[in-house]
Novice: 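Below is the structure I would like to discuss, written out as structure tokens.
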Amino acid sequence: MKKLIILSTLIFLTFFLNAEALYNLEYLKSAIENHNPELLLAKEEYNRSLYDLKDAYANFGPTLDFQASGTYMVNPPVGSISINVDDILNSVQWPSGVKPAASGQYIKVYDGMEPFNYSFGLTLNQPVFTWGKITNGAKLYKEVSKIQALNYENEKDKLVAELETRLSVLVYLHQIQDILLEEQELAARLVKYSEDAEESGMILHQDVVDAKIQAKEIDLAIQGIKEQVSNQLIELSRQTGIENLQWEQIEYSLDEELVPQIFERDRDEMMEKALSGENKNIKMILMLQNVNELATKISKASLYYKPDIGLQMSASYGGSRFPFFEPNWRRKDDYTMNISIGIKTTVWDGGKKLNDVARKISQEATGSINVDSARSTIRKTISEQWNTADISKIKVEYQDLKIETALSKIQQQTTLYENGVASESDLISAKIQWCNERIEKAQQELSLVTACYTLKILSM
């Protein structure tokens, strides 16, 4: 019986542990690629651009239209036609005495219109010369498709960088939370000591209130950290599509090489690369400029007195007999074939085409302004993040010294307390100060890592 209980317990624990799925960084990246709504929208935009490109290439070839109709007439407008034999005989100049006698007979010369009528038509239209509109249109949609593909990759890179940033934020938030919980215990001890000291008449009631305020501030800080953790997990859950994602389900460790790699890079070289055409954001804007230039060419090709030339070939059949099935369809009914050359141009439309050209030229100018604006924004962001990284790195080193000093004070207060020279309150306060210095260091490390991830994505 005892063995059965042990076996059942092991099975339960195995099932429970397996139920707690662990998501590592690669799995979360894959989840973003498959479930992130922004990324999926960018992918669909790219897919639609491919169809637009296919449509643009299809404009080089002909269009083939087929039209068919069938009609049944309950009361055909033309009925049967018969001729009186006597009328025919009377119209002839007969010799005297030879004229035949009236017979009263009728001859049917037409059976009447048949109730069925069929019509079939096949028309082929082939552009011959369009002043480059079709060619430039294909180039334009090809460029748009490249932009959408680049936008998808850029969006994916940003989301991955954001994922790593959020995971790093969660690591530091939990570090701060652990320190705050440790500090919470110390604050509770300090409140208890203050209350006991007040009863003994050693300290004032205000000192007790100050200790309680300090403890309550720590409680508020813990709640604030928990809220930040919850918000980060909610956003991660939204980005990855994993419902009710918990920190315990995530397997992640900080990238220890990130900060050294960023600081080893040459700043001028990083800035130059971020501002060049290698940067995906800049590259997309430059490609959009090409799109605007092609749009201007297409608009200019549509100006007045620039005719489009096209070839049209048509074959049609119409009649009361269904072709290929009913007898005498070729002899009884009509079928035709035509070849035409057509020219079409706009002579005047109130100046709308001129306005369209001016509008496209304005869009080209806007594209140049956007490039300058994007480079200015990137330059400003990189400079700010470099300054943040530099300051945070110095502050981390500064906090290391303060933590070392706080530990030294704890050792001193411990010795004094053990020798009866200092109170327990002084020792607890020294430990609380040590916790505060560690929290400040974690905050500065978080600021440093965040700045480094920003620099990394801008210089990719």
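Index from 1, following the sequence.
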Novice: Less than 3.5 Å apart, any donor N or O on the side chain of Q228 or Q232 sitting next to an acceptor on the other?
Specialist: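 Not at all, the side chains of Q228 and Q232 share no donor-acceptor pair under 3.5 Å.
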Novice: Can you tell me if Y51 has over 12 outside heavy atoms packed within less than 6.0 Å of its OH?
Specialist: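 Open.
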Novice: Roughly how far, to the nearest 0.5 Å, is NZ of K456 from CG of D157?
Specialist: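 Between atom CG of D157 and atom NZ of K456 there are 10.0 Å.
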Novice: Within the distance-only criterion (no hydrogens, no angle test), does the side chain of S145 pair as donor or acceptor with the backbone N or O of Y141 below 3.5 angstrom?
Specialist: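 No; zero donor-acceptor contacts below 3.5 Å.
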Novice: Who passes ring-ring contact (aromatic ring centres under 6.0 Å, His included) against Y304, sequence neighbours left out?
Specialist: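 Y304 satisfies ring-ring contact (aromatic ring centres under 6.0 Å, His included) with W348 once adjacent residues are dropped.
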Novice: Regarding Y252 and S168, is there a side-chain donor-to-acceptor distance under 3.5 Å anywhere?
Specialist: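 There is such a pair between these side chains.
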Novice: Tell me, please, which residues at least two apart from F120 pass ring-ring contact (aromatic ring centres under 6.0 Å, His included).
Specialist: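 Counting only residues at least two positions away or on another chain, F120 forms a ring-ring contact (aromatic ring centres under 6.0 Å, His included) with F322.
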Novice: Name every donor-acceptor pair, under 3.5 Å, that has one atom in a side chain of residues 202-209 and the other anywhere in the protein, sequence neighbours excluded.
Specialist:
residue	atom	partner	partner atom	Å
H205	ND1	E198	OE2	2.8
Q206	NE2	D210	OD1	3.0
D207	OD2	L204	N	3.3

Novice: How would you list all residue pairs meeting salt bridge (Lys or Arg N to Asp or Glu O under 4.0 Å) that involve residues 354-372, not counting sequence neighbours?
Specialist: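 Counting only pairs at least two positions apart or across chains, the salt bridge (Lys or Arg N to Asp or Glu O under 4.0 Å) contacts touching residues 354-372 are D356-R359, D356-K360.
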Novice: Between L427 and I410, which heavy-atom pair has the shortest distance, and what is it?
Specialist: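 Looking at all heavy atoms of both residues, the closest pair is CD1-O, 3.8 Å.
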Novice: Please name the pair of heavy atoms, one in A138 and one in A56, separated by the smallest distance, quoted to 0.1 Å.
Specialist: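 Distance-wise, the nearest heavy atoms are CA-CB, 3.7 Å.
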Novice: Please, which pairs that meet ring pair (Phe, Tyr, Trp, His ring centres under 6.0 Å) have at least one residue in residues 396-431, sequence neighbours excluded?
Specialist: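 Found none.
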Novice: Determine, step by step, whether Q289 and S368 satisfy the side chain to side chain donor-acceptor pair (under 3.5 Å) criterion, reporting the C-alpha distance in whole Å, the side-chain angles of both residues, the deciding distance to 0.1 Å, and the verdict.
Specialist: CA-CA 7 Å; Q289 275 189 301; S368 299; 2.8 Å; yes
Novice: What's the verdict on salt bridge (charged side-chain N to carboxylate O under 4.0 Å, His left out) for R189 and E185, showing C-alpha distance, side-chain angles and the deciding distance?
Specialist: CA-CA 6 Å; R189 286 172 54 190; E185 293 180 3; over 6 Å; no
Novice: Evaluate the criterion salt bridge (charged side-chain N to carboxylate O under 4.0 Å, His left out) for residue pair K192 and D196; output intermediate values, then yes/no.
Specialist: CA-CA 6 Å; K192 179 67 170 58; D196 293 343; 2.8 Å; yes
Novice: Would E33 and K29 satisfy salt bridge (charged side-chain N to carboxylate O under 4.0 Å, His left out), going step by step from the backbone distance to the final call?
Specialist: CA-CA 6 Å; E33 188 171 352; K29 287 180 181 179; over 6 Å; no
Novice: Show every ring pair (Phe, Tyr, Trp, His ring centres under 6.0 Å) that has at least one partner inside residues 273-292, sequence neighbours left out.
Specialist: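 Non-adjacent pairs meeting ring pair (Phe, Tyr, Trp, His ring centres under 6.0 Å): zero.
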Novice: Does a side-chain N-to-carboxylate-O contact under 4.0 Å join D390 and R267?
Specialist: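 Result for this pair is yes, salt bridge flagged.
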Novice: Taking all heavy atoms of L294 and all of K139, pick out the closest pair and write down the distance.
Specialist: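 Looking at all heavy atoms of both residues, the closest pair is CD1-C, 3.6 Å.
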Novice: Using side chain to side chain contact (heavy atoms under 4.5 Å, CB included), reason through L311 and N125 one step at a time and then give a plain yes or no.
Specialist: CA-CA 6 Å; L311 171 68; N125 290 287; over 6 Å; no
Novice: Would Q399 and E440 count as having a side-chain donor-acceptor pair, cut-off 3.5 Å?
Specialist: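 No.
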Novice: Who passes ring-ring contact (aromatic ring centres under 6.0 Å, His included) against F129, sequence neighbours left out?
Specialist: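 Partners of F129 by the ring-ring contact (aromatic ring centres under 6.0 Å, His included) criterion, ordered by chain and then number, come out as W131.
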Novice: Given S423 and D426, is the side chain to side chain donor-acceptor pair (under 3.5 Å) satisfied, shown in steps?
Specialist: CA-CA 5 Å; S423 65; D426 296 330; 3.2 Å; yes
Novice: Establish, from distance only, whether the side-chain atoms of Q184 and D219 form a donor-acceptor pair under 3.5 Å.
Specialist: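 Their side chains do contain a donor-acceptor pair, which is all the 3.5 Å distance test asks for.
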Novice: Might you point out which heavy atoms bring Q413 and A422 nearest each other, and give the distance in Å?
Specialist: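 Closest approach of Q413 to A422, heavy atoms only: OE1-CB, 3.5 Å.
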Novice: Using a 3.5 Å distance criterion without hydrogens, assess whether the side chain of N154 forms a donor-acceptor pair with backbone atoms of L150.
Specialist: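 Such a contact is absent between N154 side chain and L150 backbone.
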Novice: Sequence neighbours left out, what pairs pass salt bridge (Lys or Arg N to Asp or Glu O under 4.0 Å) with at least one residue falling in residues 288-311?
Specialist: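 Pairs touching residues 288-311 that pass the test: K133-D308.
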Novice: Evaluate the criterion side chain to side chain contact (heavy atoms under 4.5 Å, CB included) for residue pair L124 and T63; output intermediate values, then yes/no.
Specialist: CA-CA 6 Å; L124 181 145; T63 59; over 6 Å; no
Novice: Could I get the full list of ring-ring contact (aromatic ring centres under 6.0 Å, His included) partners for H174, not counting sequence neighbours?
Specialist: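 Result, ring-ring contact (aromatic ring centres under 6.0 Å, His included) vs H174: W247.
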Novice: Examine the side chains of S316 and T336 and answer whether a donor and an acceptor come within less than 3.5 Å of each other.
Specialist: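 T336 and S316 do have a side-chain donor-acceptor pair below 3.5 Å.
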Novice: Got a sec, which residues hit side-chain hydrogen bond (donor to acceptor under 3.5 Å, both in side chains) with S392, two or more places apart in sequence or on another chain?
Specialist: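 Per chain and number, S392 pairs via side-chain hydrogen bond (donor to acceptor under 3.5 Å, both in side chains) with S447.
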Novice: Tell me which pairs pass ring pair (Phe, Tyr, Trp, His ring centres under 6.0 Å) where either residue lies in residues 371-395, with sequence neighbours left out.
Specialist: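 For residues 371-395: F263-W386.
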Novice: Quick one about T123 and Q312 (side-chain donor to acceptor, distance below 3.5 Å, no hydrogens or angles considered), yes or no?
Specialist: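 Short answer, no.
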Novice: Should R166 and E162 count as an ion pair when the cut-off is N to O under 4.0 Å?
Specialist: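 Result for this pair is yes, salt bridge flagged.
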Novice: Do E183 and R438 meet the salt-bridge criterion of a basic N to acidic O distance under 4.0 Å?
Specialist: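 No, R438 and E183 are not salt-bridged.
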Novice: Give the minimum heavy-atom separation between Q177 and V229, together with the two atoms involved.
Specialist: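 So the minimum-distance heavy-atom pair works out to OE1-CG2, 4.5 Å.
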Novice: Quick test of your reading: applying ring pair (Phe, Tyr, Trp, His ring centres under 6.0 Å), list the pairs with at least one residue in residues 265-291, sequence neighbours left out, ordered by first then second residue.
Specialist: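 Ring pair (Phe, Tyr, Trp, His ring centres under 6.0 Å) check on residues 265-291 returns no pairs.
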Novice: Applying salt bridge (charged side-chain N to carboxylate O under 4.0 Å, His left out) to K212 and E217, what does each step give before you reach the verdict?
Specialist: CA-CA 9 Å; K212 289 182 177 180; E217 287 174 346; over 6 Å; no
Novice: Just wondering, are more than 12 heavy atoms of other shown residues or ligands nearer than 6.0 Å to CD in E272?
Specialist: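 No.
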Novice: Of all the heavy-atom pairs spanning A274 and L458, show the shortest one and how long it is.
Specialist: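 What the structure gives for the nearest pair is CB-O, 3.5 Å.
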